[in-house]
> 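Please see the structure below; I have some questions.
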Amino acid sequence: MIDPQKIELAQNEFKGCSKIFLALGDTTRQKICLDLAAAGPDGINVADLSGKTILSRPAISHHLKVLKDAGIVEPIKKGTQIFYKLRLKESFVSLKGLMETVEEILSEESENNP
């Protein structure tokens, strides 16, 4: 039998990761993340991002807000402009924890049902 505490832990970890799943589930935001990765550690501003897509600046700003709220991007103010860069290392810590918990549950299940 699987430990009920691990199931509860996994449910809580899924809840904690839900914003990340929702943010990265959209292909436009996936493309924005790839553009941010290509921009490097200095990041990129909304105007330059919109030049890489067919989206308007307000649409890009909306997608960046979703990514920011999920902890995937970080805004950096430089003078009068705001640049965005990826924060994947920090935001994926919760995903790693979820994966480890699920792996433990699966391991217990296979031990109990050989």
Side-chain angles (χ1 to χ4, degrees):
M1 182 171 158
I2 298 172
D3 182 357
Q5 289 179 329
K6 283 195 179 162
I7 296 293
E8 185 177 345
L9 175 62
Q11 289 172 332
N12 290 332
E13 289 174 329
F14 267 113
K15 285 180 190 175
C17 295
S18 64
K19 283 186 177 184
I20 295 170
F21 290 137
L22 288 171
L24 293 178
D26 181 271
T27 56
T28 300
R29 289 191 283 274
Q30 293 167 8
K31 167 84 167 80
I32 289 171
C33 284
L34 294 173
D35 289 339
L36 290 170
D42 292 334
I44 189 169
N45 64 18
V46 173
D48 291 339
L49 270 174
S50 67
K52 295 178 173 289
T53 68
I54 59 169
L55 298 174
S56 67
R57 287 182 189 185
I60 292 287
S61 293
H62 164 74
H63 288 293
L64 285 169
K65 181 182 180 333
V66 172
L67 292 167
K68 179 183 156 229
D69 290 346
I72 296 169
V73 301
E74 176 182 6
I76 307 288
K77 189 164 182 158
K78 294 181 183 178
T80 60
Q81 295 187 50
I82 298 176
F83 288 77
Y84 292 85
K85 68 177 191 172
L86 287 177
R87 292 185 50 198
L88 293 179
K89 189 173 184 179
E90 295 87 354
S91 62
F92 285 173
V93 169
S94 56
L95 288 174
K96 184 178 177 186
L98 170 61
M99 290 181 351
E100 289 171 353
T101 301
V102 170
E103 285 176 354
E104 288 175 19
I105 290 169
L106 293 173
S107 174
E108 285 180 19
E109 178 66 21
S110 66
E111 288 173 6
N112 293 331
N113 295 316

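Values reported hereafter were calculated over all heavy atoms of this structure, with side chains retained and with hydrogens, waters and symmetry mates removed.
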> A side-chain contact here means heavy atoms from C-beta on lying under 4.5 Å apart; do Leu55 and Ser50 qualify?
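Not touching, per the 4.5 Å side-chain cut-off.
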
> If you group Ile, Leu, Val, Met, Phe, Trp and Tyr by side-chain heavy-atom gaps below 4.5 Å, do Ile44 and Leu86 land in one group?
yes

> Could you give the distance from CD (Glu13) to NZ (Lys96), rounded to the nearest 0.5 Å?
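These two atoms lie 12.5 Å from each other.
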
> How far does NE2 of His63 sit from SG of Cys33, to the nearest 0.5 angstrom?
11.5 Å

> Determine whether Leu36 and Ile82 fall in the same hydrophobic cluster, where Ile, Leu, Val, Met, Phe, Trp and Tyr are linked whenever their side-chain heavy atoms lie under 4.5 Å apart.
yes

> Honestly curious: do Met99 and Phe21 fall in one hydrophobic cluster under the side-chain, below-4.5 Å linking rule?
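No, no single cluster joins them.
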
> Between Glu104 and Lys6, is there a salt bridge with N-O shorter than 4.0 Å?
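So Lys6 pairs with Glu104 through a salt bridge.
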
> Do Ile32 and Leu49 come within less than 4.5 Å of each other through their side chains, counting heavy atoms only?
yes

> Can you name the closest pair of heavy atoms from Ala70 and Lys19 and give their distance?
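Closest approach of Ala70 to Lys19: CB-O, 3.5 Å.
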
> Is a donor on one side and an acceptor on the other found under 3.5 Å between the side chain of Lys78 and the backbone of Asp42?
yes

> Are Val66 and Leu95 linked, directly or through other ILVMFWY residues, by side chains that come within less than 4.5 angstrom of each other?
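No, no single cluster joins them.
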
> Testing Asp26, Thr27, Ile20 one by one against Leu24 for a side-chain contact (heavy atoms from CB on, under 4.5 Å), which residue passes?
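Only match with Leu24 under side-chain contact (heavy atoms from CB on, under 4.5 Å): Ile20.
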
> If every non-hydrogen atom of Leu67 is compared with every non-hydrogen atom of Ala23, which pair is closest and at what distance?
CD2-CB, 4.0 Å

> Using 4.0 Å as the upper bound for N to carboxylate O, is an ion pair formed by Lys52 and Asp48?
no

> Is there a side-chain contact between Leu9 and Asp3 in this structure, where contact means two heavy atoms from C-beta onward sitting under 4.5 Å apart?
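Heavy-atom side-chain distance check fails, nothing below 4.5 Å.
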
> Using 0.5 Å steps for rounding, measure from the CD1 atom of Ile60 to the NZ atom of Lys65.
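With rounding to 0.5 Å, CD1 (Ile60) is 16.0 Å from NZ (Lys65).
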
> Taking it one step at a time, do Tyr84 and Asn45 satisfy side chain to side chain contact (heavy atoms under 4.5 Å, CB included)?
CA-CA 6 Å; Tyr84 292 85; Asn45 64 18; over 6 Å; no

> Rounded to the nearest 0.5 Å, what separates atom CZ in Arg87 from atom NZ in Lys68?
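It comes to 10.5 Å.
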
> Short question: side chain of Ser107, backbone of Glu103 - any donor-acceptor pair under 3.5 Å?
no

> Once rounded to the nearest 0.5 Å, what's the spacing between atom SG of Cys17 and atom CG of Asn12?
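Separation between the atoms: 11.0 Å.
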
> With heavy-atom distances below 4.5 Å as the criterion, would you say the side chains of Ile7 and Ile105 are in contact?
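SC-SC contact between Ile7 and Ile105 confirmed.
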
> Is Leu64 linked to Leu34 within one hydrophobic cluster, defined over Ile, Leu, Val, Met, Phe, Trp and Tyr using a side-chain heavy-atom separation of less than 4.5 Å?
no

> Tell me, do Lys85 and Ile76 make a side-chain contact under 4.5 Å, heavy atoms counted?
yes

